[in-house]
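Starting from 1, each residue takes its place in the sequence as its number.
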Amino acid sequence: MAGMRMIKAFFLPLLLLVVWQGVTSTGMVSPYLLPGPGRVLETGLYMAGNGTLAGHVAASLLRIAAGFGLSVALAFLTAAALYRWKWLDDICQGSLSFMRMTPPLALTPLLILWLGIGDATQIAVIVLASFFPVYLNTRDGLSRLDASFRELAASLHLSRARTVLFFLLPAATPSIITGLRLSFGYSWRALIAAELISASSGLGYMIMDAEQMQRADEVIVGILVIGMLGWALDAAFSTVASALLKRRFPELAA
């Protein structure tokens with residue numbers, strides 16, 4: 001069963017690899033525009049060997065860690081505050097809706113003017129792109145607590161902290177996990193897009209620099225690394241989330 005799942009998972013990538021090799025080896029496409037898999041692999045190994053690839057990967061990972069962590073903290077605090085104080089929710093909803101419908105990349109030129117071309121701009125773009133999935137899913141999760149459980153907490157004379165810990169958080173956990181996973185995907189894509197526009201390092205910058213140097217092989221290496229690294233990070237996040245749920249909320253993990 002596991003072997004069959006493995007075959008299904010790698011069938012399409014292997015098929016694309018075969019087609020790619022066939023197209024380049026028969027000369028249907030110029031190797032200048034589409035280098036073969038062997039050339040791309042050779043370039044990738046060379047970039048990994050001289051440290052170029054590692055430097056750009058490290059720059060992107062540091063930015064994603066800072067931006068995603070800040071975004072999650074702000075989203076949790078905002079969701080909790082607006083859930084707690086309805087008058088604050090009424091004041092902020094219009095502005096939050098406006099920001100949610102404004103593409104983060106549309107603000108990039110203004111962010112460059114304010115923050116310059118550097119890490120601050122990329123982190124700001126990540127925050128703008130990944131804030132709302134966490135915020136909206138957290139708000140939705142907090143509102144899922146049934147009235148019967150609220151009455152039970154009141155009848156037990158539980159403090160607000162205990163009500164949050166034993167009732168609100170279990171009810172909101174599935175939505176929070178979904179929001180975190182969606183948010184990370186948005187933040188990863190937004191980071192690469194921001195690095196294409198305003199960066200001097202990172203995987204997005206590496207692709208743009210290779211394009212200007214007309215190095216299609218380096219562009220493809222960058223694209224493959226971005227995809228595989230994003231897939232690996234998403235898989236790691238899913239594994240960690242599942243393990244935490246099994247320990248604290250086994251019924252949700254199931």
Flag side-chain contact, heavy atom, 4.5 Å: [X] against [Y]:
X	Y	answer
M206	M47	yes
T78	F131	yes
F68	F184	yes
Q93	L82	yes
P37	L17	yes
Y135	L96	yes
V125	T108	yes
L128	L111	yes

Could you check whether any side-chain N or O of [X] sits under 3.5 Å from a backbone N or O of [Y], counting only pairs where one atom can act as donor and the other as acceptor?
X	Y	value
E218	A210	no
W20	P35	yes
T138	A79	no

Trace of the side-chain contact (heavy atoms from CB on, under 4.5 Å) decision for I220 with L34: CA-CA 9 Å; I220 295 175; L34 182 63; 4.0 Å; yes
Step-by-step side-chain contact (heavy atoms from CB on, under 4.5 Å) determination, L61 to L233: CA-CA 10 Å; L61 289 179; L233 291 173; 4.0 Å; yes
Pair W188-L229, side-chain contact (heavy atoms from CB on, under 4.5 Å): steps then yes or no: CA-CA 10 Å; W188 182 247; L229 191 57; 3.6 Å; yes
Under-4.0 Å salt bridge between R139 and D89: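 Judged by the 4.0 Å cut-off on N to carboxylate O distance, R139 and D89 do form a salt bridge.
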side-chain hydrogen bond (donor to acceptor under 3.5 Å, both in side chains) evaluation trace for N137 with S175: CA-CA 5 Å; N137 279 276; S175 295; 5.1 Å; no
Residue pair R63 / S201, side-chain donor-acceptor N/O under 3.5 Å: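 Checked: R63/S201 side chains pair up, N/O donor to acceptor below 3.5 Å.
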Polar contact flag, side-chain donor to acceptor under 3.5 angstrom, S71-S130: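 Yes, because at least one side-chain N or O of S71 sits under 3.5 Å from a partner of the opposite role on S130.
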Whether H56 and Y205 hold their rings parallel, tilted or perpendicular, with breakpoints at 30° and 60°: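 If you compare the ring of H56 with that of Y205, the planes turn out tilted.
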Derivation of the side-chain contact (heavy atoms from CB on, under 4.5 Å) call for Q214 and Y32: CA-CA 9 Å; Q214 299 182 346; Y32 174 77; 2.7 Å; yes
Distance in Å, T43 OG1 paired with L53 CG, rounded so as to fall on 0.5 Å steps: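 Rounded to the nearest 0.5 Å, the OG1-CG separation comes out at 11.0 Å.
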